[in-house]
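Heads up: the structure comes next, in structure tokens.
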Amino acid sequence: MRLKEPRTLSKRSILFFSIIMLLKSYFAWYYLFEDGPTWSTLFKEIPFVLIIFCLIEWFATKRKIAIYMLVNLLITVLFFSLIIYHNHFGIIATSQVFGQAKQVGAVKKSIFAVLHPQYMLIFLDIIVISLIMLSRKKAVAWKKAMSRRSNRKAVAVLFCISLVICMMNIFPNKASMNETVQAEQMGILNYEAYALLADDEEELIDSSAITQSVIDQTKGITVKTEPILNGAAKGKNLVIIQMESFQNFLIHLSIDGKEITPNMNKLADSSIYFPRFFQQVGQGNTSDAEFIVNTSFYVPPDGPATEIYAPKELPSLPKLLQEQGYDTATFHTNEVDFWNRGELYRALGFNRYYDKAFFGENDTIFYGSSDEVLYSRTSAELARMNESSQPFYSHVISMSSHNPFTIPENKYQMTLPERYEGTFVGNYIRAQNYADYALGQFIAELKENGVWDDSLVVLYGDHRGLPIFSLKDEDKVLLQEILGKEYTERDLINIPLIISSAGVPMASVQNQLGGQVDILPTVANLLGVPLDKHIHFGQDILNEREYNLLPQRYYLPTGSFVNNEELFLSGSGFEDGQHYTLSGDGDKPLQSTEDEFNSALKLLQLSDSYVSQLPDREVAEEE
């Protein structure tokens with residue numbers, strides 16, 4: 001008589017797949033966290049995995065191994081995606097980022113640039129097991145060995161213990177400000193689950209309590225009643241040029257005696273140049289820069305501004321200038337649907353936009369026509385607009401120097417030293433050299449057709465180009481050579497701002513602190529446009545020069561900020577944060593205070609609250 005097989009816990013399947021998940025967790029931790037995996041990784045990752053395995057053992061009666069394999073594949077894809085995203089952006093992605101998967105096709109070249117062959121090792125077990133399953137004889141034996149019936153009482157005990165350990169990892173670390181630190185403290189899988197399920201919406205401040213004086217007081221600035229240069233460019237056109245991935249260290253950079261950006265250098269030398277200027281973008285990258293510059297609001301805590309804030313009736317620079325009789329337009333060679341720009345432009349109130357339908361697909365680099373095509377067709381259109389007695393505001397978005405910076409050889413404008421060839425830094429420098437070449441043509445055309453003399457021209461970088469976590473050792477050596485010091489987050493987010501116009505004092509280097517949120521109020525003062533009815537979180541950096549506070553989020557941990565002296569990166573809170581002096585002098589005493597830390601958080605809360613309570617655009621249009 002054949003005895004019944006005992007109803008023991010399916011030890012083999014749980015143990016086998018738990019070991020696989022532990023190895024993959026260690027693999028992911030090696031790439032995601034500076035200190036790599038530790039002994040605690042076991043207790044932070046495996047309990048979450050065991051919860052899933054217990055559910056499989058409890059509910060699955062057929063095809064149990066197939067379900068284990070599916071879970072294995074899903075977690076593997078998650079780890080793999082996190083590694084790729086972190087390599088490019090330096091942050092631990094969450095479900096809000098994965099919601100932007102529709103953009104993957106458009107930016108696949110940038111993704112492949114940070115996809116290293118060793119990352120594929122995380123799929124090795126899936127390939128091996130799949131090969132085993134192809135052999136029918138081996139598969140039957142393997143399934144029999146792995147599919148013993150489980151003892152439900154033992155499964156329930158294991159489930160409860162694992163759940164308690166997960167909660168012990170999650171709840172004590174909920175208050176951590178630094179998202180990467182939080183993910184390391186909780187464990188990757190716990191952090192992802194927490195980010196997905198937690199109702200973490202911040203409490204909104206009533207919009208009636210959000211006034212300009214409250215914002216200025218929180219920032220610690222006093223606004224001048226009689227600002228200098230008020231109306232110095234009154235009545236002029238406004239041309240704002242957003243330079244793709246352009247970091248400030250490129251200005252006046254020479255390699256082996258060769259200037260990298262000769263046209264930007266000439267412009268910086270003959271204009272008002274702000275070298276201590278910083279990006280403030282979030283998940284929306286380039287489109288976020290467009291949002292900040294045109295609103296003087298901060299980006300949302302989660303998701304790109306084009307998705308989160310586009311449904312709102314946004315106060316904006318285009319609307320302010322339209323009230324002064326301006327025509328408004330924006331120029332970008334990609335499709336307007338990319339990053340939901342069509343809705344953003346509608347919310348900002350631009351009269352019209354020019355996208356791929358206008359520029360065509362000739363001479364394409366990465367995601368649209370080259371900067372040469374952009375500037376040539378834009379300059380002709382601006383000349384046409386300038387023939388009218390109506391002044392205009394045009395926002396021009398360059399794109400050819402986009403990551404991964406591998407421009408076609410027929411666009412090379414310089415020969416790099418051999419040590420730069422084939423490196424990420426070398427590709428970046430060559431792409432920016434081409435972008436500068438195309439910009440020089442644009443400036444020449446605007447001067448020739450008369451637009452330049454009739455305009456206030458503003459140029460700035462949209463965001464960083466050389467992510468720290470994407471750099472190989474050879475790239476770090478090259479940057480050390482270029483900068484004369486270690487490349488840090490301080491250099492990463494430092495972008496240039498240049499303002500040029502006849503009638504505005506030229507050839508000056510302004511060392512006061514500034515950020516993208518400051519462009520609107522600075523430009524408004526020069527054009528003589530009042531901001532009495534426009535709440536703004538930036539300041540006129542030609543007048544409020546003594547102090548500035550620039551909150552950062554998303555690409556730097558929440559609670560991070562830049563003040564006059566340093567970049568502060570939050571830890572779990574303020575006390576364990578990191579301090580980087582803007583001068584690069586490591587011996588300089590720390591300048592940030594906890595009051596500034598709290599003020600930076602308060603400013604973000606004020607901005608989030610104010611924009612979130614703006615009327616929806618459809619409602620405003622109906623009214």
Discussion item. Could you tell me if the side chain of F246 sits less than 4.5 Å from the side chain of H463, heavy atoms only?
Written reply: no
Item to complete: Please indicate whether E335 has more than 12 foreign heavy atoms, meaning atoms of other residues, nucleotides or ligands, lying under 6.0 Å from its CD.
Response: no
Discussion item. Just so I know, are the side chains of N563 and S592 near enough to count as touching, which here means a heavy-atom distance under 4.5 Å?
Written reply: yes
Fill in: side chain to side chain contact (heavy atoms under 4.5 Å, CB included) between F53 and V155, intermediate numbers included
CA-CA 9 Å; F53 289 170; V155 169; over 6 Å; no
Fill in: Heavy atoms from other residues, nucleotides or ligands near CD of E34 exceed 12 (cutoff 6.0 Å)
no
Worksheet entry | Test item: S612 side-chain N/O and S609 main-chain N/O as donor-acceptor pair under 3.5 Å | no
Item to complete: Please identify each residue that fulfils side chain to side chain donor-acceptor pair (under 3.5 Å) with Q185, with sequence neighbours left out.
Response: S572
Discussion item. Rounded at 0.5 Å granularity, tell me how far CD in E192 sits from CD1 in I75.
Written reply: 11.5 Å
Worksheet item: How far does CG of N248 sit from CD1 of I493, to the nearest 0.5 angstrom?
Response: 12.0 Å
Worksheet item: Is V281 close to D462 at the side-chain level, that is, under 4.5 Å between some pair of heavy atoms?
Response: no
Item to complete: State, yes or no, whether a side-chain contact exists between R419 and E481 at a heavy-atom distance under 4.5 Å.
Response: yes
Item to complete: Applying side-chain contact (heavy atoms from CB on, under 4.5 Å), name anything that partners P557, two or more places apart in sequence or on another chain.
Response: N178, E179, S560, L569, S570
Worksheet item: Just by distance, do the side chain of Q280 and the backbone of Q516 share a donor-acceptor pair under 3.5 Å?
Response: yes
Worksheet item: With a 4.5 Å limit on heavy-atom distance, are the side chains of L78 and L74 in contact?
Response: no
Worksheet item: To the nearest 0.5 Å, how far apart are CZ in F17 and NZ in K24?
Response: 9.5 Å
Worksheet item: Side chains of T306 and E343: do they bring a donor and an acceptor to under 3.5 Å?
Response: no
Discussion item. Below 30° counts as parallel, above 60° as perpendicular, anything between as tilted: where do the rings of Y85 and F89 land?
Written reply: tilted
Worksheet item: Do Y30 and P37 have side-chain heavy atoms sitting under 4.5 Å apart?
Response: yes
Worksheet item: If you draw a 6.0 Å radius around NZ in K472, do more than 12 non-hydrogen atoms from other residues or ligands fall strictly inside?
Response: no
Fill in: side chain to side chain donor-acceptor pair (under 3.5 Å) between E57 and Y68, worked out
CA-CA 10 Å; E57 291 294 331; Y68 268 105; 2.7 Å; yes
Fill in: All pairs passing ring pair (Phe, Tyr, Trp, His ring centres under 6.0 Å) where residues 467-489 contributes a residue, at least two apart
H86-F469
Fill in: Euclidean distance, F568 CZ relative to F574 CZ, rounded to 0.5 Å
5.0 Å
Worksheet item: Less than 4.5 Å apart, any side-chain heavy atom of Y194 and any of Q182?
Response: yes
Practice prompt. Dump the intermediate steps for side chain to side chain donor-acceptor pair (under 3.5 Å) on Q242 and S398, then the final yes or no.
Written response: CA-CA 6 Å; Q242 180 170 295; S398 76; over 6 Å; no
Worksheet item: Rounded to the nearest 0.5 Å, what separation is found between the CZ atom of R553 and the CE atom of M177?
Response: 9.5 Å
Discussion item. Distance check, rounded to the nearest 0.5 Å: F405 atom CZ versus N427 atom CG?
Written reply: 9.0 Å
Discussion item. Do Y119 and Y31 have side chains that approach each other closer than 4.5 Å (heavy atoms only, starting at C-beta)?
Written reply: yes
Discussion item. With a sphere of 6.0 Å drawn around CE of M168, does it hold more than 12 non-hydrogen atoms of other residues, nucleotides or ligands?
Written reply: no
Worksheet item: For F424, which of L478, D475, L479 qualifies under side chain to side chain contact (heavy atoms under 4.5 Å, CB included)?
Response: D475
